[in-house]
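Working notes, beginning with the structure itself.
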Amino acid sequence: MEHSAGLTTGLVPTMGAFHEGHLQLMRAARIENDRVVVSLFVNPTQFGVGEDFERYPRNLDRDIALAESVGVDVLFAPDTQQIYPRPGCTIHVPVVTERWEGQIRPHHFSGVATVVCKLFHIVCCDVAYFGQKDLQQCIVIRRMIDDLNIPVRFSMQPTVREPDGLAMSSRNAYLTPEDRARAPMLQQLLQSVRKAIKEGNCTPDQLDKWLHSASTKLEIAGFSVDYFECIDLEDAHAVRDISRPCALIVAARIGRTRLIDNLLI
Ligand code: AMP
């Protein structure tokens, strides 16, 4: 696509299997732009060995209908050969990719940053919309835009949740009924730690204890916790001083499903 004088294009990058979280991003893009492009690409380079690339939910016809229902102009669904015709350049965003998701999924953010950068250039978008649900991804993309002077405005939209608080995710489809019933614990514990921070005397030691106790409660409930942390929104470092903008983040496995969630403080 080309930039056209006076018209703005909003891009919503996705991997499909649309739910209300995706549709909210599309609606935000629709309100703020003349043209809305949604990309649908299950990007192989952001999946690790043994992750769910093959079984990732795919339903193009349903996604086309949903995108149309919220006024998307273009659904761009390239195949792998179109995006990666040969082994090519990749983007490494330092520092903010080193911990959390980046540590557990070593090539994940390089795959994400590379495909998002390619999509920015293919679509020639003015604004790009991402969900707070994937908070570290937002920090990484914002940093890439900044470091590489990419002329795209970054927009982060709030996490859309099920009525019981579970963050909507394409991967929730993997949950067994028993695991689904326990999954809202992630958000409940994030909220209880945030409440303690706001109401209590939040010393570094005390915050450490609250984070540790929340993590232990998840383990007792049958989760395997990858991290339950408080991070700085700029550089994604763990923090115990909450005077700067920060967020609580959690990642935990239940059964075969890995869930992530976060809460801004
Ligand atoms: P995905 O298809 O999972 O790669 O997600 C595409 C975009 O939708 C990303 O920017 C996600 O952060 C965003 N997203 C996914 N789930 C939600 C949600 N529950 N609320 C808001 N945004 C979301």
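From a predicted model like this one, the values you see are computed outputs, not experimental measurements. Computed over heavy atoms, backbone and side chain alike; hydrogens, waters and symmetry mates excluded. In each ligand, atom 1 is the first atom listed, and ligand 1 is the first ligand listed.
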The protein heavy atom nearest to atom 4 (O) of ligand 1 is M15 CG, 3.6 Å

Between C125 and V37, is there a side-chain heavy-atom distance shorter than 4.5 Å? no

Under a 4.0 angstrom heavy-atom cut-off, which atoms of ligand 1 come close to F130? 10 (O)

Using a strict threshold of under 4.0 Å (side-chain N to carboxylate O), is an ion pair present between D261 and R161? yes

Does E20 have a heavy atom less than 4.0 Å from any atom of ligand 1? no

With a cut-off of 4.0 Å, which atoms of ligand 1 are near a heavy atom of M168? 16 (N), 17 (C), 18 (C), 19 (N)

Taking ring-ring contact (aromatic ring centres under 6.0 Å, His included) as the cut-off, I'd like each qualifying pair that reaches into residues 51-77, sequence neighbours left out, listed once. F47-F53, F47-Y56

Proximity to ligand 1 by part of H22, non-hydrogen separation under 4.0 Å: side chain

Among Q157, K133, Q137, which one puts a heavy atom closest to atom 9 (C) of ligand 1? Q137

Transitive ILVMFWY cluster of Y129 at side-chain heavy atoms under 4.5 Å: who else is in it? V12, F18, L23, L25, M26, V36, V38, L40, L60, I64, L66, V70, V72, L75, V127

Got a donor-acceptor contact below 3.5 angstrom from the D241 side chain to the P204 backbone? no

Has P158 got any heavy atom lying under 4.0 angstrom from an atom of ligand 1? yes

I'd like the name of whichever of V38, V160, L166 reaches closest to atom 20 (N) of ligand 1 through any heavy atom. V160

P13, portion touching ligand 1 at heavy-atom distance under 4.0 Å: backbone

Quick one: nearest non-hydrogen protein atom to atom 12 (O) of ligand 1, plus distance? D134 OD2, 2.6 Å

d(C246 SG, D232 CG) to nearest 0.5 Å is 7.0 Å

Residue, atom and distance of the protein heavy atom nearest atom 22 (N) of ligand 1 read G131 CA, 3.4 Å

Regarding E101 and R258, does a basic nitrogen lie under 4.0 Å from an acidic carboxylate oxygen? yes

Using a 4.0 Å heavy-atom threshold (strictly under), name the region of L25 that reaches ligand 1: side chain, backbone, both or neither. side chain

Nearest protein heavy-atom contact for atom 15 (C) of ligand 1: which residue, which atom, what distance? H19 CE1, 3.9 Å

With a 4.0 Å cut-off on N to O distance, would you call R30 and D73 a salt bridge? yes

Under a 4.0 Å N-O cut-off, is there an ion pair linking R142 with D147? no

Does ligand 1 have an atom that lies less than 4.0 angstrom from a heavy atom of Y56? yes

